[in-house]
K.L.:
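Here you go, one structure.
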Amino acid sequence: MCHHNRFLLLNVAKSDIISLVFQVDETLCPFKLSQEQLQLVKARMRAGLEAGLKTKGSSAIKMLPSYVYRTPDGTEHGKYLALDLGGTNFRAMMVNFKRQNARLYHKIYTIPLEIMQGTGEELFDHIAQCVSDFLDYMGMKNAHLPAGFTFSFPCEQTAIDTGTLVSWTKGYKATDCEGHDVVSMLREAIKRRNEFDLDIVAVVNDTVGTMMSCAYEDPQCEIGLIAGTGTNVCYMEEVDAELSKMCINTEWGGLGDDGSLDDIITPYDMEVNQNSINPGRQRFEKLTSGMYLGEIVRQVLLDLTRGGLLFRGHVTETLKTPGIFETKYLSQIERWEKLCVRSILQQLGLKGTCDDSIIVKEVCGAVSRRAAQLCGAGMAAVVDKIRENRGLDHLNITVGVDGALYKLHPHFSRVLKDTTEVLAPQCNVTFLPSEEGSGKGAALISAVARQMHADSLSGTLLDIMQQFRRELAKGLGRDTNPTAALKMLPTFVRSIPDGSEKGDFIALDLGGSNFRILRVKVSHEKKQTVQMESQIYDTPEDIIHGSGTRLFDHVAECLGDFMEKQNIKDKKLPVGFTFSFPCQQTKLDEGFLITWTKRFKAGGVEGMDVVKLLNKAIKKRGDYDADIMAVVNDTVGTMMTCGFDDQRCEVGIIIGTGTNACYMEELRNIDLVEGDEGRMCVNTEWGAFGDDGRLEDIRTEFDREIDRGSINPGKQLFEKMVSGMYMGELVRLILVKMAREGLVFEGRITPELLTKGKFETKHISAIEKSKEGLSKAREILTRLGVEPSTDDFSLVSQVCTVVSFRSANLIAAALAGILMRLKENKGVARLRTTVGIDGSLYKMHPQYARRLHKAVRRLVPDTDVRFLLSESGSGKGAAMVTAVAYRLTYSSRIFWSYLQSVHAFFSIYHRNVF
Ligand code: 0WK
Ligand code: 0WK
Ligand code: BGC
Ligand code: BGC
């Protein structure tokens, strides 16, 4: 029986006072934890830490890896955006690190309850809206800043920039979020807004952000503690024998979820747990954190009042109202003398006597003290673990700490510190309150992550970028071109559209996944407008694998059909022919096919002028006429299409069935074409990068198997590592090998799994879709005849991610090579340019675009690249090229006919006169 006779008795009989004290003490006794009990809690916390490290999901303390391997070292630099969600409010912050100094600007936003407890989409849209407001406020909407996202809830991470929400805590329960990657959800919300773009490089728990913020000031800081709405701790754990470290987010709020705290949990705690939105979970948090302490006090006050010991036994509606007694009142009540306590109670509609104020203060003290002691016991377990990890007799360490409870409560921090020191006497623990919050920490981690990524990128991708640059130059050289892998084909397109184009054109678009014919009308009312009508035609296997004659007859037939439908068979319209294969050109309307790629292998076409072949096919029909004025590669068509909307566009890329790029090169650098003035678009045919063996060190056995099984072995090796025609097959081959080694599908190998082409690239896109990825995976794998287990799903999804990530990174390295060249050509310190892009892989894969953009910006940080998706395909671009050709031709024809008429006039005049 713990009897503390501290009550000042003003006007009641002595016996009543004793029984009152006794009864209040009785009630509060369970909150007064003995040393032994605290030692026990420390031991249980320690056991939970160890268990959580050993086996995933087995311990109430989840011990989640954060992928943060070190604390800041002062070399961090640059501007970062930090988003901080999960504490009392949402904060957006801009942090600028310069010379070991950080400048911060921030703005606070509230998260309304209906948003916290609405749908996931609404929540992330709300966040995106706040970010948009902040970027406006900072005038940085187009800055495309790298961002660190503090997300203060338990997340399973597989990398620094992914975080799958395990379960909501505190006041949050937005739907469709648990089990989902919160980074993808934020990115999708930003995409939906389509107002600004962010490069989210890291997602961190607020404890990790707090540790990093404080470590920036004190390098001895290796622990982050939050004692706020919720409670949690992280620390730098040794991950392997080499003593390399990783920060572990313990999620200690879950201690006791397995019943290990039942011996100290009081009925009041049970009541609070029962009424919470996540009963049975976060038991330790519900004993120690700001979200619940006020509620515990209210339960005790309710009980004391029902017992007639408080407020004259008058149980008011207020007292019965959940959440009415906020934790901030504890801090205020414990900070002030009894008079103020009365006014706080009055604010709450609780009319109490002085004695009541004393009892209320007593209750607050008991609840908050227990909370601080329990956190102290937990902290003692953590610091002792670190000390033992390092085999030290004595440990000096700093804990970065944040949270309203820690900062605002008058005694919490002291009791926490005292308890820690008593229970971990071999540790000298400094508690360092975080001034700027975890946002700065998240920005620091983003800086570290970018540095680490740059380091990891540097090895291979920067290398490949350099090699690619050398290959570009080699392909442009007259003497070196013949042996160059990149053929750097001149296209005779000298400029992007300048807005003067006009006319009625037909565009043929052959070589991608669809054969399209378009009618393109470019007119000049007030401004230049383009009207387009198109139709897709099949290119059956037997046609693209048959004879060239049949192929071009088919094209001519489709064109005839299209002109019929357009009712223009009687017209001879200028035609632009997008032919998505490597062609040697000496002029715009002539293209000699060098070699087929992708699925095409029609006979008798390689080495031939495809314009001639098409004209011949059209002539053979005799039912219409067409004036093929230009043959262009689909990359050129794409650049022109995007150039129509953005005059800065000087690069065209296709990432689809195949892959390729073109760009505007200085004519003086193109040895194969006469002239030094101005520029010309060069079709790089980068799909052939590595055909000279220079990528052997990164090609895998699966790449080699793909090539062996292809219709053009030894060719297009780069394309075969990255493009849509091959990625699905790469995944299939990897899964077959893993199944053979018993790593997936319990080693079962089905006939479907052994069938070439059975796993398509569109399946990768479906499986990597954050929302329905898993259900799609089940569907797809079932079609492969396997009964996949849950582990199989995540393994298959990882294989898809590895293959698509590699593709995006390799293409980024090649594109970075082109951007470096443009920058050099222009001799500018910072390149600003636009890249026009098209292709089903880039368009359909959920993460591809973002990964590509991210890698490019890391490889060539001193460029401002705008990636412009071609909405209408390369047909429009082909029409633009034709329009330019048409204008040039007819202006010269008019000029010629003008010259001829002048000549005719003079000859007549001459004849008559002279
Ligand atoms: C401020 C930190 C934030 C954290 C919060 C916790 O910047 O990341 O979540 O402290 O304290 P609370 O606001 O819950 O009291
Ligand atoms: C659409 C363009 C076409 C290009 C195709 C490439 O209009 O010229 O060949 O994109 O993408 P794919 O269809 O191969 O995915
Ligand atoms: C969450 C933690 C967070 C803590 C402090 C808890 O409810 O589970 O992830 O660190 O609150 O905000
Ligand atoms: C072809 C290129 C084409 C690319 C994209 C490659 O296979 O060689 O000419 O641009 O596919 O369609």
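First listed ligand is number 1; within each ligand, the first listed atom is number 1. On a predicted model such as this, the values are computed, not experimentally measured, just so you know.
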K.L.:
Between the protein and ligand 2, which nitrogen or oxygen pairs come in under 3.5 Å, and how far apart is each?
P.N.:
| unit_1 | atom_1 | unit_2 | atom_2 | d |
| --- | --- | --- | --- | --- |
| ligand 2 | 7 (O) | Asp509 | OD2 | 2.6 |
| ligand 2 | 7 (O) | Ser874 | N | 2.8 |
| ligand 2 | 7 (O) | Ser874 | OG | 3.4 |
| ligand 2 | 8 (O) | Asp509 | OD1 | 2.7 |
| ligand 2 | 8 (O) | Asp509 | OD2 | 3.1 |
| ligand 2 | 8 (O) | Ser874 | OG | 2.6 |
| ligand 2 | 9 (O) | Asp634 | OD2 | 2.8 |
| ligand 2 | 13 (O) | Ser513 | N | 2.9 |
| ligand 2 | 13 (O) | Ser513 | OG | 2.5 |
| ligand 2 | 14 (O) | Thr657 | N | 2.8 |
| ligand 2 | 14 (O) | Thr657 | OG1 | 2.5 |
| ligand 2 | 15 (O) | Thr657 | N | 3.3 |
| ligand 2 | 15 (O) | Ser840 | N | 2.8 |
| ligand 2 | 15 (O) | Ser840 | OG | 2.4 |

K.L.:
Backbone N or O of Gly171 within a donor-acceptor pair of the Gln117 side chain at under 3.5 Å?
P.N.:
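Side chain of Gln117 to backbone of Gly171, a donor-acceptor pair under 3.5 Å: yes, one is there.
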K.L.:
With heavy atoms of Phe581 as the reference, note each atom of ligand 4 found under 4.0 Å away.
P.N.:
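Reading through ligand 4 atom by atom, the close ones are 9 (O).
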K.L.:
Contact residues of ligand 3 with a heavy-atom cut-off of under 4.0 Å?
P.N.:
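Contacting ligand 3 under 4.0 Å are Ser152, Phe153, Pro154, Thr169, Lys170, Asn205, Asp206, Thr207, Ile226, Gly230, Thr231, Asn232, Glu251, Gln282, Glu285.
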K.L.:
Sequence neighbours left out, what passes side-chain hydrogen bond (donor to acceptor under 3.5 Å, both in side chains) with Ser59? Give chain and number order.
P.N.:
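So Ser59 forms no side-chain hydrogen bond (donor to acceptor under 3.5 Å, both in side chains) with any residue.
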K.L.:
So does Met725 get a backbone contact from the side chain of Glu719, meaning a donor-acceptor N/O pair under 3.5 Å?
P.N.:
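Checking the backbone N and O of Met725 against the side chain of Glu719, no donor-acceptor pair under 3.5 Å is found.
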K.L.:
I'd like to check the side-chain hydrogen bond (donor to acceptor under 3.5 Å, both in side chains) partners of Arg281; sequence neighbours left out, ordered by chain and number.
P.N.:
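Partners of Arg281 under the side-chain hydrogen bond (donor to acceptor under 3.5 Å, both in side chains) test: Ser167.
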K.L.:
Does any non-hydrogen side-chain atom of Thr491 lie less than 4.5 Å from one of Met680?
P.N.:
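The answer is yes; the side chains approach within 4.5 Å.
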K.L.:
Less than 3.5 Å apart, any donor N or O on the side chain of Asp634 or Ser580 sitting next to an acceptor on the other?
P.N.:
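Short answer, yes.
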K.L.:
Using distance alone, with no hydrogens and no angle criterion, decide if Ser807 and Tyr848 have a side-chain donor and acceptor under 3.5 Å apart.
P.N.:
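Yes, side-chain donor-acceptor contact under 3.5 Å.
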K.L.:
Can you find an N or O of Thr597 that's nearer than 3.5 Å to an N or O of ligand 4?
P.N.:
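Yes, since at least one N or O of Thr597 sits under 3.5 Å from an N or O of ligand 4.
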K.L.:
Can you list the ligand 4 atoms lying under 4.0 Å from a non-hydrogen atom of Glu685?
P.N.:
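With Glu685 as reference, the close atoms of ligand 4 come out as 1 (C), 2 (C), 8 (O), 9 (O).
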K.L.:
Of all heavy-atom pairs between Lys843 and Ser870, which one has the smallest distance, and what is that distance?
P.N.:
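Result for this residue pair: NZ-O, 3.3 Å.
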K.L.:
What closest approach, in Å, do Gly48 and Met63 show between heavy atoms, and which atom pair accounts for it?
P.N.:
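Shortest heavy-atom contact: O-CG, 4.5 Å.
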K.L.:
Can you find a pair of side-chain heavy atoms, one from Val555 and one from Phe515, that are under 4.5 Å apart?
P.N.:
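With C-beta onward as the side chain, the pair touches.
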K.L.:
Quick one: which ligand 4 atoms are inside 4.0 Å of a heavy atom on Gly658?
P.N.:
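Within the 4.0 Å cut-off of Gly658, ligand 4 contributes 5 (C), 11 (O).
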K.L.:
Ile296 and Lys286: which non-hydrogen atoms are nearest, and at how many Å?
P.N.:
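In this case the closest contact between Ile296 and Lys286 is CD1-O, 3.3 Å.
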